[in-house]
Amino acid sequence: MVSEYRNYINGRFVESAKTFEDLNPANGEPVARVHEADAELVDQAVRAGRAALPAWRRTSAEQRAQYLERIAAVIERRADDFLAAEVADTGKPVSVASRVDIPRGAANFRAFAAMIRMSGGEVYETPTPEGRALNYSLRQPLGVVGIISPWNLPLLLFTWKVAPALACGNVVVAKPSEETPGTATLLAEVMDEVGLPAGVFNLVHGFGPGSAGAAIVDHPDVDGITFTGESKTGATIMRNVADKVRPVSFELGGKNAALVFADADFDKAVAGVARSSFLNTGQVCLCTERVYVERPIFERFVAALAEQARALRPGDPLDPETTLGPLISRQHRDKVLSYYALAREEGATVVTGGGVPTLGGKLDNGCYVEPTIWTGLDQSARCLQEEVFGPVCHVMPFDTEEQAVELANDSRYGLASALWTSNLDRGHRLAAEIDAGLVWLNTWFLRDLRTPFGGMKLSGLGREGGRHSLDFYSELKNVCVQMSQ
Ligand SMILES: NC(=O)c1ccc[n+]([C@@H]2O[C@H](COP(=O)([O-])OP(=O)(O)OC[C@H]3O[C@@H](n4cnc5c(N)ncnc54)[C@H](O)[C@@H]3O)[C@@H](O)[C@H]2O)c1
Ligand SMILES: O=C/C=C/C=C(\O)C(=O)O
């Protein structure tokens, strides 16, 4: 059955004249008809937010924390609905979405409920000729926040921004990716059920340019933009908000490195790199597409990693045994396959994969590709410099620690990196030297929501997570009081 996904504006589900089709990338079948918001509907959403703001920003942190906890509880109660919608939109295996995406949707609300309860400000006593002054900071909401998110971890990344924005007393106009509108629509139902005041959370569907995304960015009454997606989209958004001088927070692309030293626990490193290269069919911004391995274990490592890649089970996402889903769309598959072809032109050895699997039945209308490992490319190859965003990595040997750091840092991106070594002195030393916002040592994608999260270079601007989210989603106001003695 094909669902209808509507916009949610001022506490009501709103249709629009124009709709587009949301397809299941596992089999090419329609999932939903989605009501696309044009600039007029986005304007209605912004006005609804503006009207709701004065009352919402006056609520106490405790009241907002309680709303967030109720939202989390309903997501948990409706976990099966969220799981079905996420799997239909993305084709990701239930084994992944049930462990990663849906629990994090709820956890994001719980985490920011706790953080806003615990948050405080700065206070300074300042000596003055008259005696002393007291400086203290107030945390106030930005106002109407525009949220634009991608398709790879739809609920996780959408709620990662909605939760702190609401916690800080903002109202939001939020747009999920056109590829994955399902769980955001369910979230609007949750907001309705918990009785969030009308206009505080507004959902608009649509695309980027010429559609809802651009309309949010261009709207004169949006007070800040938080965006996760491709680096070049971030650059466009930055240009488009420049005249209005609004704050932006960007979580962008990556070309992340894994460094594996000969002293690493071999089996853990192989399993870790297999996960960091192939989880979610490689469609996690944190995935490692560049793997550098110390020469003495290079051959053995490549063989063991290839064995793990071949052991992945592409298949029906609803089958609990499936471990590899499709890519998000035909268009994205074309892009990934163009890199599979480019790698051959650039002289890569294809250790495993490199093509499209035959799975039988409807799945052959899906967007599957084989998990792929390359060796033999030069560091300057486009396949080692550009983000592919698929289940693929290149493995290259290195000889010294210095060389490993140099190779890891030879990238325009700087999001994440994973180091595998049993020498903790070296681990800490390299962690400090690597140009990336996130370094994992003997693990990958282990998240504590209090920590700063974000990228350097082309990978982003600003940090979210913990108090860093509170800092983006609020204006800090300093109040200076001359004390009479
Ligand atoms: N750093 C991180 O935390 C992080 C997390 C997840 C994904 N990513 C990156 O996201 C990318 C994959 O996601 P994607 O393909 O959905 O990214 P994308 O940039 O194509 O789209 C992201 C969102 O932006 C909207 N959009 C597109 N053009 C726009 C414009 N001109 N104005 C306003 N909105 C616009 C889209 O409709 C979508 O909602 C990868 O590059 C990945 O690395 C980064
Ligand atoms: O695809 C990118 C993954 C981003 C993950 C987070 O933003 C997170 O775990 O908070």
Side-chain angles (χ1 to χ4, degrees), residues 20 34 36-37 42 90 100-101 103-105 107-108 111-112 146-161 163-164 174-181 184 204-219 222 225-241 248-256 276 279-287 289 327-329 331-332 335 386-390 413-416 436-438 440 444-466 468-469:
F20 62 92
V34 189
E36 180 182 353
V42 169
T90 58
V100 178
D101 301 74
R104 256 300 291 282
N108 285 339
F112 286 104
I147 296 176
I148 300 176
S149 61
W151 46 257
N152 59 327
L153 302 170
L155 182 68
L156 187 161
L157 291 170
F158 192 72
T159 54
W160 177 238
K161 293 178 181 301
K175 191 194 87 62
S177 168
E178 57 275 25
E179 304 281 2
T180 54
V204 290
H205 289 299
F207 304 80
S211 183
I216 293 173
V217 172
D218 294 341
H219 199 289
V222 170
I225 301 279
T226 176
F227 167 77
T228 300
E230 281 191 36
S231 299
K232 68 173 175 353
T233 313
T236 304
I237 292 176
M238 203 165 175
R239 272 194 295 278
N240 292 348
V241 298
V248 291
S249 175
F250 288 161
E251 297 183 344
L252 307 176
K255 186 73 183 177
N256 308 301
S276 68
L279 181 73
N280 206 39
T281 316
Q283 302 166 117
V284 179
C285 55
L286 312 163
C287 277
E289 293 188 358
L327 294 167
I328 190 66
S329 64
Q331 196 190 0
H332 188 51
K335 176 182 160 184
E386 298 174 15
E387 181 185 50
V388 179
F389 220 53
Y413 292 99
L415 185 57
L438 306 157
W440 276 289
W444 175 77
F445 202 6
L446 192 167
R447 295 283 287 115
D448 179 324
L449 305 187
R450 297 169 297 185
T451 59
F453 184 95
M456 298 177 179
K457 304 196 240 180
L458 267 189
S459 294
L461 199 58
R463 295 290 181 274
E464 297 199 27
H468 307 280
S469 295

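Keep in mind that the numbers below use all heavy atoms, side chains included, and drop hydrogens, waters and symmetry copies. The chain is numbered in sequence order, starting from 1. Counting starts at 1 for both ligands and their atoms, following the listed order.
Atom CZ of R104 sits in a crowded spot, with more than 12 heavy atoms from other residues, nucleotides or ligands closer than 6.0 Å. Crowding of M238 atom CE: a count of heavy atoms from other residues, nucleotides or ligands under 6.0 Å not exceeding 12. Surrounding NZ of K335 are more than 12 heavy atoms belonging to other residues, nucleotides or ligands, all under 6.0 Å away.
For the pair P181 and P176, the tightest heavy-atom approach, listed with the atom from each and the gap, is CA-CG, 4.1 Å. K175 and I216 get closest at one heavy-atom pair: CB-CD1, 3.8 Å. In terms of heavy-atom proximity, F112 sits nearest to G465 at CZ-CA, 4.5 Å. When all heavy atoms of R463 and G455 are compared, the closest pair comes out as NH1-O, 3.1 Å.
Heavy-atom separations between F453 and ligand 1 include at least one value shorter than 4.0 Å. By the 4.0 Å heavy-atom criterion, A214 is counted among the residues contacting ligand 1. Residue contact annotation: G454 has no non-hydrogen atom under 4.0 Å from ligand 1. Put simply, part of P209 is less than 4.0 Å from ligand 1, judged by heavy atoms.
Ring centroids of F158 and W151 are separated by 6.0 Å or more, keeping the two rings apart.
With a 4.0 Å heavy-atom cut-off, ligand 1 is reached by the side chain of E387 but not by its N, CA, C or O. With a 4.0 Å heavy-atom cut-off, ligand 1 is reached by no atom of Q283. Of the heavy atoms in S149, only backbone atoms (N, CA, C, O) come closer than 4.0 Å to ligand 1. Using a 4.0 Å cut-off between heavy atoms, L157 contacts ligand 1 through its side chain alone, with no backbone atom that close. Contact annotation for F207 and ligand 1: only backbone heavy atoms (N, CA, C, O) come within less than 4.0 Å of the ligand. Counting heavy atoms closer than 4.0 Å to ligand 2, residue L449 contributes nothing at all. Contacts between L157 and ligand 2 below 4.0 angstrom, taking non-hydrogen atoms only, involve the side chain exclusively. The side chain of L415, and not its backbone, has at least one atom closer than 4.0 Å to an atom of ligand 1 (non-hydrogen atoms only; side chain from C-beta on).
Protein heavy atom in closest approach to atom 31 (N) of ligand 1: T236 CG2, 3.9 Å. Of all protein heavy atoms, the one lying nearest to atom 13 (O) of ligand 1 is P150 CB, 3.2 Å. If you check which protein heavy atom lies closest to atom 3 (O) of ligand 1, you get E251 CB, 3.2 Å. Closest to atom 6 (C) of ligand 2, if we only count protein heavy atoms, is F453 CZ, 3.4 Å. Here the heavy atom of the protein found nearest to atom 3 (C) of ligand 2 is C285 SG, 3.0 Å. For atom 37 (O) of ligand 1, the nearest non-hydrogen atom of the protein is E178 OE1, 2.7 Å. The nearest protein atom to atom 12 (C) of ligand 1, hydrogens excluded, is given as F389 CE2, 3.6 Å; this is a heavy-atom distance.
Ligand-side atoms of ligand 1 in range of K175: 36 (C), 37 (O), 38 (C), 39 (O), range being under 4.0 angstrom from any heavy atom. When each atom of ligand 1 is checked for a heavy atom of F227 under 4.0 Å away, the hits are 19 (O), 22 (C), 23 (C), 24 (O). Heavy-atom proximity to S177, at under 4.0 Å, picks out these atoms of ligand 1: 39 (O). Each of the atoms 8 (C), 9 (O), 10 (O) of ligand 2 lies under 4.0 Å from some heavy atom of R447. Of all atoms in ligand 2, numbered sequentially from 1 with element shown, those under 4.0 Å from a heavy atom of V284 are 1 (O), 2 (C), 3 (C). Ligand 2 places these atoms under 4.0 Å from at least one heavy atom of R104: 8 (C), 9 (O), 10 (O). Within ligand 1, the atoms closer than 4.0 Å to a non-hydrogen atom of N152 are 6 (C), 7 (C), numbered from 1 in the order shown. The contact set between ligand 1 and I148, taken as ligand atoms under 4.0 Å from a residue heavy atom, comprises 23 (C), 24 (O), 25 (C), 33 (C), 34 (N), 39 (O). Listed by number with element, the atoms of ligand 2 under 4.0 angstrom from any heavy atom of N152 are 1 (O), 2 (C). Listed by number with element, the atoms of ligand 2 under 4.0 Å from a non-hydrogen atom of F445 are 9 (O).
A tilted orientation is assigned to the rings of F207 and F20, their planes being inclined by 30° to 60°.
Taking any N or O of E230, backbone or side chain, at least one lies under 3.5 Å from an N or O belonging to ligand 1. For a threshold of 3.5 Å applied to N or O pairs, the pair formed by T228 and ligand 1 contains no separation below that value. In terms of polar-atom proximity, L252 is counted as a contact of ligand 1, with an N or O under 3.5 Å from an N or O of the ligand. The shortest N or O to N or O distance between W151 and ligand 1 is below 3.5 Å. In terms of polar-atom proximity, T233 is counted as a contact of ligand 1, with an N or O under 3.5 Å from an N or O of the ligand. Residue S231 has no N or O atom closer than 3.5 Å to an N or O atom of ligand 1.
Here the side chain of T180 pairs no donor or acceptor atom with the backbone of P154 at under 3.5 angstrom. Between the side chain of N256 and the backbone N or O of C287 there is at least one donor-acceptor pair closer than 3.5 Å. When atom types are taken as modelled, the side chain of K255 and the backbone of E386 share a donor-acceptor pair closer than 3.5 angstrom. With S211 contributing its side chain and G208 its backbone, the two residues share no donor-acceptor pair below 3.5 Å. Proximity of a side-chain donor or acceptor of E464 to a complementary backbone N or O of G454 within less than 3.5 Å is not detected.
Using a 4.5 Å heavy-atom cutoff, the side chains of T228 and N152 are not in contact. With contacts defined as side-chain heavy-atom distances shorter than 4.5 Å, the pair I148/V217 qualifies. The shortest distance between side-chain heavy atoms of W160 and L449 falls below 4.5 Å. Contact annotation: the side chain of E179 approaches that of S329 to within less than 4.5 Å [non-hydrogen atoms, C-beta and beyond]. By the 4.5 Å heavy-atom criterion applied to side chains, L286 and S276 are not counted as neighbours. Annotation: side chain of W440 is in contact with side chain of L446 (closest heavy-atom distance under 4.5 Å). Annotation: side chain of L153 is in contact with side chain of V284 (closest heavy-atom distance under 4.5 Å). In this structure the side chain of Q283 reaches within 4.5 angstrom of the side chain of F389, judged on heavy atoms.
Of the candidates G208, G455, S329, G210, it is G208 that places a heavy atom closest to atom 29 (C) of ligand 1. Comparing A212, P176, G229, G146 against atom 9 (C) of ligand 1, the shortest heavy-atom distance belongs to G229. Remark: among candidates G437, G253, C285, A215, the nearest residue to atom 4 (C) of ligand 1 is C285, based on non-hydrogen atoms.
Within a 4.0 Å radius of atom 21 (O) of ligand 1, the protein contributes no non-hydrogen atoms.
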